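Below is one structure, written out as structure tokens; comments come after it.
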Amino acid sequence: MYEALATDPNLDMASEFTQIDITRNRYPFCVVWTPIPFLTWLFPVIGHMGIALSSGIIRDFAGPYFVSEDNMAFGDPSKYWQLKFNNAIGGSAGWDRAITEASDIYKERMHNLFCDNCHSHVATALNLMQYNNSSNWNMVKLAFLMLVYGKYVSFVAFLKTWLPFLVLLTIILVISLKV
């Protein structure tokens, strides 16, 4: 099998290494998401986002002038959305190159919760690699697609995202019904 890979230039070696390993926090070719305390409790679709290299190492715009590597700002991923590296210009090498370039750009930027944030960093990477032949990636589109296509890493991760919101909603409903 490895001989075939070595002799066929059309095959990408990265296809052998796309296995997600939740226990080691390795999410190759994935957009990852984790809740932000308090903010996600109020709005469960809002959270912190990162993007992983072909090796599975996560990069996330964690604060002003800082892109974290392999240590997400708000903890381990709760959700992931694995993408097809073949849809990136340059395959797996193009994927990694775009994430590295986006990270270098965001190491020079001030973080802004509303308009230049972790979602923007991921969108920039996807735009640079022209993922799916598109350069129209943005934070709203990514938030929506993560909601639709994101998979929870476990039931506990699902609870970590939704339980605080449901508890707050229940308290509000109980109080409003008593009034």
Side-chain angles (χ1 to χ4, degrees), residues 5-6 8-22 24-36 45-153 157:
L5 288 173
D8 188 349
N10 296 322
L11 292 175
D12 194 325
M13 289 296 290
S15 63
E16 292 291 305
F17 306 104
T18 58
Q19 284 292 77
I20 291 168
D21 186 347
I22 293 167
R24 291 183 49 235
N25 273 330
R26 292 294 179 254
Y27 297 88
F29 308 107
C30 287
V31 175
V32 294
W33 182 95
T34 194
I36 299 172
V45 297
I46 297 175
H48 183 67
M49 186 174 279
I51 189 165
L53 297 161
S54 61
S55 62
I57 293 173
I58 300 166
R59 297 241 177 117
D60 64 303
F61 184 38
Y65 313 107
F66 181 67
V67 176
S68 176
E69 184 170 305
D70 213 17
N71 186 19
M72 281 187 81
F74 295 96
D76 295 342
S78 294
K79 290 171 70 172
Y80 65 93
W81 172 32
Q82 191 168 39
L83 302 175
K84 296 177 178 138
F85 65 87
N86 289 333
N87 290 351
I89 300 294
S92 64
W95 177 278
D96 286 346
R97 196 170 31 256
I99 293 171
T100 300
E101 187 177 338
S103 297
D104 289 343
I105 291 168
Y106 274 81
K107 287 176 186 174
E108 304 291 323
R109 292 218 177 149
M110 183 67 177
H111 190 279
N112 182 310
L113 185 63
F114 298 106
C115 57
D116 204 12
N117 55 35
C118 57
H119 287 61
S120 305
H121 169 248
V122 173
T124 298
L126 293 173
N127 285 331
L128 288 169
M129 69 179 75
Q130 296 180 21
Y131 188 79
N132 260 355
N133 293 317
S134 175
S135 56
N136 294 318
W137 294 94
N138 61 57
M139 61 185 188
V140 174
K141 183 177 182 178
L142 283 171
F144 175 74
L145 292 172
M146 181 57 86
L147 180 65
V148 173
Y149 296 112
K151 297 177 184 176
Y152 287 95
V153 300

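FYI, the numbering just counts along the sequence from 1. Keep in mind that this is a model prediction, so the values were computed, not measured.
Atom OH of Tyr106 and atom SG of Cys118 lie 10.0 Å apart (nearest 0.5 Å). Phe61 CZ to Ser68 OG: the interatomic distance, rounded to the nearest 0.5 Å, is 12.0 Å. To the nearest 0.5 Å, atoms CD1 (Ile57) and OH (Tyr27) are separated by 14.0 Å. Atom CG of Leu126 and atom CH2 of Trp95 lie 6.0 Å apart (nearest 0.5 Å). Met146 CE to Cys30 SG: the interatomic distance, rounded to the nearest 0.5 Å, is 8.0 Å. The distance from atom CZ of Phe74 to atom CD1 of Ile36, rounded to the nearest 0.5 Å, is 4.5 Å.
Remark: the backbone N or O of Arg26 is not paired with any side-chain donor or acceptor of Asp21 at under 3.5 angstrom. Panel note: side chain Gln82, backbone Pro28; a donor-acceptor pair is recorded below 3.5 Å. Formation of a donor-acceptor pair under 3.5 Å by the Asn132 side chain with backbone atoms of Ser134 is not found in this model. Listed for the Asn127 side chain is a donor-acceptor partner under 3.5 Å among the backbone atoms of Trp137.
Within 6.0 Å of CG on Asn133 lie no more than 12 heavy atoms contributed by other residues, nucleotides or ligands. Within a 6.0 Å radius of NZ in Lys84, other residues, nucleotides and ligands contribute 12 heavy atoms or fewer.
Taking 4.5 Å as the limit, some side-chain heavy atom of Arg59 sits within range of a side-chain heavy atom of Thr100. With contacts defined as side-chain heavy-atom distances shorter than 4.5 Å, the pair Trp33/Pro35 qualifies.
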**Request:** Would you please test Tyr65 and Arg109 for side-chain contact (heavy atoms from CB on, under 4.5 Å) and show each step?
**Result:** CA-CA 5 Å; Tyr65 313 107; Arg109 292 218 177 149; 5.6 Å; no

**Request:** Might you work through the side-chain contact (heavy atoms from CB on, under 4.5 Å) test for Asp60 and Met49, ending with a clear yes or no?
**Result:** CA-CA 7 Å; Asp60 64 303; Met49 186 174 279; over 6 Å; no

**Request:** With side-chain contact (heavy atoms from CB on, under 4.5 Å) as the test, would you mind laying out the steps for Ile99 and Met129 before giving the verdict?
**Result:** CA-CA 8 Å; Ile99 293 171; Met129 69 179 75; 4.2 Å; yes

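Using a cut-off of 4.0 Å between Lys/Arg side-chain N and Asp/Glu carboxylate O, Arg24 and Asp76 are scored as not salt-bridged.
When each of Ile22, Val31, Ile20, Val32 is checked for a side-chain contact (heavy atoms from CB on, under 4.5 Å) with Pro77, only Val32 meets the rule.
Heavy atoms only, all atoms of each residue included: Cys115 and Ser120 are closest at O-OG, 3.6 Å.
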